[in-house]
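Just below is one structure, and these are the notes that go with it.
Just so it is clear: chains get the letters A, B, ... in the order the sequence lines come, proteins before strands, and each one is counted from 1.
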Amino acid sequence: MSVPVSQMYTVAHYALSQHLRGVKRYPLVMMLEPLFRCNLECAGCGKIQYPDHILNRRLTPEQCLAAADECGAPIVSIPGGEPLIHPEMPAIVEGLVRRKKYVYLCTNAILLERKLQDYTPSKYLTFSIHMDGLKEEHDHAVCRDGVYDVAVKAIKAALAKGFRVTTNTTLFNDAAPARVRRFFDEMMELGVEGMMISPGYSYEKAPDQHSFLSRERTHSLFAQLLAQRKRSWQFNQSPLFLEFLMGKREYECTPWGNPTYNIFGWQRPCYLLQDGYVSTFRELMEETEWERYGSGRHEQCRDCMVHCGYEASAVKDTFSSWGGFFGTVRATLFPNAV
Amino acid sequence: MDSDMSSIGSPQSWEGRCLQPSNEKELHEAMNLVFDYRGDVTIQLKKGEQVVGFVFDRQEEAPQPYIQLFLPGDQHPRMVLYQDVAGIEFSGQDTAFGRSWEDWAQKWKKSESSS
């Protein structure tokens, strides 16, 4: 089990409460993007193509905390951009931790080692390190030599100081299953708490449109990656979501599960699609035409199997039916059972 | 300067192009292009004013369709109604253009061979 019991309890209590209260749509993970500026320019990333005056804008701690309060999700993921560039990130994290939010601070780790002193280890704070494979694949994906080594050094430093550390990995269509399985070994040997994996999504504006995965290829790749899973591999995500990636389950997208707040406001409809913005979370939930989105309903959702749309579907399945619950127990205890 | 939308086709980048929509359909098409563009644009308003900034929001199904822009130096966004738009220039750098995987791979190969 890679996720701490207290975090599992919090999520379970939250999801069950929503279910019992008959809430049809509720957020699970708030995606908080306090800036788009990054210190890398990855070819697969569509988040950083903006004019300088946009890249220079940042959310204040007050804006971030007000958004988290308004949203109410028990988990807050902070991607970007590179969050560690934000000079007030320690205050943002401190405020979220004070609210007992489980914070996943997503970073490429280039600045992590020197910024560690600004943070306090807590069960509520996890550094989620962007790692797209072994050294060769990762440096290739982030378009810069040497980043893998820097990240590994930072992971060791963070672990030594007692921080929770996970990795997050986006896999593209050139992923070699044997190499990725070696990567899983290497990350677990480093001592990370768990790994998060997801297929890449074809951002409308991502410069590299040829390297993304179709649904069939996603099923095939993840079935190969996760077959005969080693006991040592820990994944910091829903086991049912992993089965979905392997083609063992079908889910509908839950775009409201990971609502996104950034310098433009609350993003419609999800973290990946930009179809306009609203100024309040309530407007996002109540006025978005959710039925327009998802696989089979929206052209740009066709091949998407990304965790920000489907992990919440898997979690909802766990807590809304006995089949989902026992499926989760089985997939957790016996991940290699057919 | 381009002004006839039908003659433009789909260029690799809209950077430097100008559009003067002549009917509502063309106006909606132009605003979709502006919304997708990853650089600043210059909006010429019918009253003569020019607005320069980055369009981040488009509400085409609102009773009065509008876009929202962030202007350099302004803290709050500026709203512009579709009906007030006379012309558009893709005046800022297209920040998404020329950053393909292939471009990067070529640069990588070049630096590898020169080192």
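Side-chain N or O atoms of Q59(B) include one that pairs as donor or acceptor with a backbone N or O of Y277(A) at under 3.5 Å.
Two residues are said to be in side-chain contact when any heavy atoms from C-beta on lie closer than 4.5 Å; D57(B) and Q274(A) fail this criterion. The shortest distance between side-chain heavy atoms of Y50(A) and F70(B) does not fall below 4.5 Å.
More than 12 non-hydrogen atoms from other residues, nucleotides or ligands lie less than 6.0 angstrom from NZ of K46(B). When the shell of 6.0 Å around CD of E24(B) is examined, it contains 12 or fewer heavy atoms from other residues, nucleotides or ligands. Other residues, nucleotides and ligands contribute at most 12 non-hydrogen atoms within 6.0 Å of the CZ atom of R282(A). Other residues, nucleotides and ligands contribute more than 12 heavy atoms inside 6.0 Å of the CZ atom of R292(A).
No part of E60(B) comes within reach of chain A, as not one of its non-hydrogen atoms sits under 4.5 angstrom from that chain. If you measure heavy-atom distances from E287(A) to chain B, you find no contacts under 4.5 Å at all. Only the backbone of L71(B) comes within contact range of chain A, judged by heavy atoms closer than 4.5 Å.
Separating the CZ atom in F56(B) from the CD atom in Q267(A) is a distance of 11.5 Å, to the nearest 0.5 Å. Between Q49(A) atom CD and Y37(B) atom OH the span is 12.5 Å, to the nearest 0.5 Å. In this structure, CZ in R57(A) is found 8.0 Å from CD in Q75(B), a value given to the nearest 0.5 Å.
Nearest heavy atoms, P51(A) versus T95(B): N-CG2, 4.0 Å.
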